[in-house]
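Take a look at the structure below.
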Amino acid sequence: YPNARDVEWDKEGAYWVVSFETGRRPNDVDHEAWYDASGHWVMTKTEIALTSVPQKVKDYLAADPTYGKASFEDLDAEFIEKPSGNFYRFDLILDGREVEVDVTESGEVTPAKYGF
């Protein structure tokens with residue numbers, strides 16, 4: 001990310017997290033890159049607009065029997081890249097409660113998984 005700005009490092013438990021922005025205001029994009037104590041990359045999270053999520057991913061979510069009727073909590077999602085694969089994370093409202101759901105580009109829809 002050669003054009004990164006507002007770069008900040010923080011420690012989150014056992015991980016080092018670098019937060020930064022790319023793009024031009026007001027359309028800047030927030031990112032977080034996570035590393036373990038040995039400096040190995042763990043994941044990158046990029047905040048994206050719902051309109052930037054591929055339609056097939058939104059279709060997978062809409063067709064899911066559990067989460068398909070939920071509404072979006074906001075107009076953003078996260079694109080998460082990990083060594084094990086990439087997915088999109090959505091904040092939803094389901095039966096009056098807030099839930100986070102992960103959807104892969106191949107159509108797997110699951111509750112958000114945390115931990116590495």
Side-chain angles (χ1 to χ4, degrees):
Y1 298 93
N3 296 320
R5 65 178 195 296
D6 295 331
V7 178
E8 296 179 16
W9 283 92
D10 292 303
K11 186 118 164 67
E12 297 282 340
Y15 301 96
W16 285 96
V17 180
V18 59
S19 302
F20 58 97
E21 296 175 357
T22 59
R24 295 186 177 268
R25 292 186 177 113
N27 299 316
D28 53 353
V29 178
D30 294 328
H31 307 268
E32 287 183 358
W34 290 59
Y35 298 88
D36 66 17
S38 299
H40 296 104
W41 173 72
V42 175
M43 75 171 176
T44 301
K45 294 193 308 186
T46 302
E47 186 175 298
I48 62 172
L50 284 177
T51 55
S52 297
V53 174
Q55 187 60 48
K56 72 177 183 177
V57 172
K58 291 187 270 190
D59 291 345
Y60 293 140
L61 180 59
D64 185 80
T66 302
Y67 301 107
K69 302 251 187 262
S71 60
F72 293 104
E73 182 180 27
D74 52 41
L75 299 177
D76 295 325
E78 291 179 328
F79 179 63
I80 300 176
E81 301 166 275
K82 289 184 161 188
S84 59
N86 304 333
F87 57 91
Y88 294 84
R89 179 164 289 160
F90 300 95
D91 294 327
L92 304 175
I93 301 295
L94 179 66
D95 297 329
R97 61 185 174 90
E98 198 177 308
V99 296
E100 290 185 323
V101 176
D102 295 341
V103 182
T104 67
E105 291 177 332
S106 62
E108 182 183 357
V109 179
T110 60
K113 299 176 185 112
Y114 291 92
F116 304 98

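Computed from a predicted model, the values in this text were never measured in an experiment.
Note that CG of Asp36 and CH2 of Trp16 are 12.5 Å apart. Values are rounded to the nearest 0.5 Å. The CG atom of Asp10 sits 16.0 Å away from the OH atom of Tyr15 when rounded to the nearest 0.5 Å. Distance OG1/Thr110 to CG/Asp64: 9.5 Å, rounded to 0.5 Å. Expressed to the nearest 0.5 Å, how far CD of Glu32 lies from CD of Glu12 amounts to 7.5 Å.
Residues Leu92 and Leu50 share a hydrophobic cluster, clusters being chains of Ile/Leu/Val/Met/Phe/Trp/Tyr side chains in contact below 4.5 Å. One hydrophobic cluster, built from ILVMFWY side chains closer than 4.5 Å, holds both Leu61 and Val57.
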Could you go step by step and tell me if Thr22 and Asn3 meet the side-chain contact (heavy atoms from CB on, under 4.5 Å) rule?
CA-CA 6 Å; Thr22 59; Asn3 296 320; 5.5 Å; no
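Side-chain N or O atoms of Lys11 include one that pairs as donor or acceptor with a backbone N or O of Gly13 at under 3.5 Å.
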For residues 41-48, run the donor-acceptor check on the side chains, cut-off 3.5 Å, and write out each pair with its distance to 0.1 Å, sequence neighbours left out.
from, atom 1, to, atom 2, distance (Å)
Trp41, NE1, Met43, O, 3.2
Trp41, NE1, Thr44, OG1, 2.8
Thr46, OG1, His31, ND1, 3.1

Output side-chain donor-acceptor pairs under 3.5 Å for residues 68-79, partner residues at least two apart or in another chain, one line each.
from, atom 1, to, atom 2, distance (Å)
Asp74, OD1, Asp76, N, 3.1

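At least one side-chain heavy atom of Phe90 sits less than 4.5 Å from a side-chain heavy atom of Val53. Side-chain contact between Tyr67 and Pro111: present, with at least one pair of heavy atoms (C-beta onward) separated by less than 4.5 Å. For the pair Tyr60/Glu108, no side-chain contact is recorded, criterion being any heavy-atom separation below 4.5 Å from C-beta on.
Between Ala112 and Arg89, the shortest heavy-atom distance links the atoms CB-NE, 3.5 Å. Val99 and Arg97 get closest at one heavy-atom pair: CG1-NH1, 3.0 Å. Between Phe87 and Gly85, the shortest heavy-atom contact is CD2-O, 4.1 Å. The shortest heavy-atom contact between Val18 and Phe20 is O-CD2, 3.8 Å.
Legend: residues meeting salt bridge (charged side-chain N to carboxylate O under 4.0 Å, His left out) with Asp95, ordered by chain and number and at least two apart, are absent.
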